[in-house]
Amino acid sequence: RRASFRPHFDTVETCKELWSKLREKKRTASERTELMEKLVPLIKGKIYDIAVKHDASRVIQSAIQFGNEEQRVMAFAELKEHIVELSKLQYGHFVVKKLLRYGNAKVKSQILSAFEHNVVRLATHSIGSKVIEHAYQYVKPSQWSQLKQEFYGKEFVYFKEEGFLTLAKIHAGNAEKGRKTEQHME
């Protein structure tokens, strides 16, 4: 009874019923498409609120996994301002991981842009570190190199260098800068 007072309670219950059918392995592609067409109007405009709930986060994860390109982009559009926050939440981080896995190149690039200036904070967070680790599997090496530079110090957070930057390259270019970077990483 108390649960019925939660925001979007009826919507979440209906979505969970659809999700239960959607995730069944025996479903054909056309059946999944039909189910997604029923699910998307229910979650549209409420994706963030549903993604952070313990009992409904899986609905959004399945929508990203089984949805078409347009539906994934729509889901990301609602979530993009909350990506860093979601990455730190117990249930929300699974949604970000699904976006990294199933999102197109533009979505992945925008997620990485949201991570800028937050990589070290996420990597040292108990839940956020899982998202950073997961991102490594689904991004280009050049994008990963850009993220990794934030570990080298504040200077690299704001003035990133193009290409692949390693500690050896920093030392070769400027010994003083190399020492500062090593001190920062200790």
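The chain is numbered in sequence order, starting from 1.
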CD (Glu24) with more than 12 external heavy atoms under 6.0 Å: yes
Say whether, by atom type as modelled, one donor and one acceptor occur between the side chain of Thr124 and the main chain of Arg121 under 3.5 angstrom. yes
Could you list the donor-acceptor pairs under 3.5 angstrom formed by side chains in residues 92-101, with sequence neighbours left out?
unit_1 : atom_1 : unit_2 : atom_2 : d
His93  : ND1    : Leu89  : O      : 3.2
His93  : ND1    : Gln90  : O      : 3.0
Lys98  : NZ     : Gln65  : OE1    : 3.0

Report, as yes or no, whether the 6.0 Å neighbourhood of atom CD on Glu81 holds more than 12 heavy atoms from other residues, nucleotides or ligands. no
Measure up the His82 and Tyr48 rings against each other and bin them: parallel (under 30°), tilted (30 to 60°), perpendicular (over 60°). parallel
Of the non-hydrogen atoms in Val84 and Leu122, which two are nearest, and what is the gap between them? O-CD2, 4.1 Å
Can a donor-acceptor pair be found, under 3.5 Å and without considering hydrogens, that links the side chain of Glu31 to the backbone of Thr28? yes
Test item: Gln143 side-chain N/O and Lys140 main-chain N/O as donor-acceptor pair under 3.5 Å: yes
Nearest heavy-atom pair of Asp49 and Val52: which atoms, and what distance? O-CG2, 3.4 Å
Expected output: side-chain Ser129 to main-chain His125 donor-acceptor under 3.5 Å: yes
Between Lys16 and Glu13, does at least one N-O distance fall below 4.0 Å, as a salt bridge requires? yes
Does Glu78 use its side chain to pair, donor to acceptor, with the backbone of Ala75 at less than 3.5 Å? no
Check: Ser62 side chain, Arg58 main-chain N or O, donor-acceptor pair, under 3.5 Å: yes
Checking Lys38 side chain against Glu34 main chain: does a donor-acceptor pair fall under 3.5 Å? no
Within the side chain of Arg32, is there an N or O that forms a donor-acceptor pair under 3.5 Å with the backbone of Leu22? yes
